[in-house]
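In what follows, a structure is listed as structure tokens, so that the remarks can point back to it.
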Amino acid sequence: MRRSSSSEARKKDTREKIELGGLIVKAGLRYEKRALLLGLLIDGVDRIKADEAERARLLAIGAEAFGRDHE
């Protein structure tokens, strides 16, 4: 029996949320309050929209952290 597209969409959405939660853990923020996490993310969005150099800096930090996973 073929799964409905809404079932597949829900599975994809759930998988994406789990992966995003993993980023919080990887960043060392697992035990922070949700309000703090949301504040960090909102501030980050504002910063990367306003400053391309800041976006590039943060991208480099993240890429380096992912690169350490493969060492």
Hey, what do you get for [atom1] ([X]) to [atom2] ([Y]), rounding to the nearest 0.5 Å?
{"X": "Ile42", "Y": "Leu37", "atom1": "CD1", "atom2": "CG", "value": "11.0 Å"}
{"X": "Arg10", "Y": "Ser5", "atom1": "CZ", "atom2": "OG", "value": "9.5 Å"}
{"X": "Ile48", "Y": "Leu59", "atom1": "CD1", "atom2": "CG", "value": "9.5 Å"}
{"X": "Asp13", "Y": "Ile18", "atom1": "CG", "atom2": "CD1", "value": "10.0 Å"}
{"X": "Leu36", "Y": "Leu41", "atom1": "CG", "atom2": "CG", "value": "9.5 Å"}

Check your understanding: If you group Ile, Leu, Val, Met, Phe, Trp and Tyr by side-chain heavy-atom gaps below 4.5 Å, do Phe66 and Leu20 land in one group?
Key -> yes
Check your understanding: Is Glu8 paired with Lys11 through a side-chain N to carboxylate O contact shorter than 4.0 Å?
Key -> no
Check your understanding: Does Glu64 pair with Arg68 as a salt bridge, N-O distance under 4.0 Å?
Key -> yes
Check your understanding: Out of Lys49, Glu54, Arg47, which residue meets the side-chain contact (heavy atoms from CB on, under 4.5 Å) rule with Asp51?
Key -> Glu54
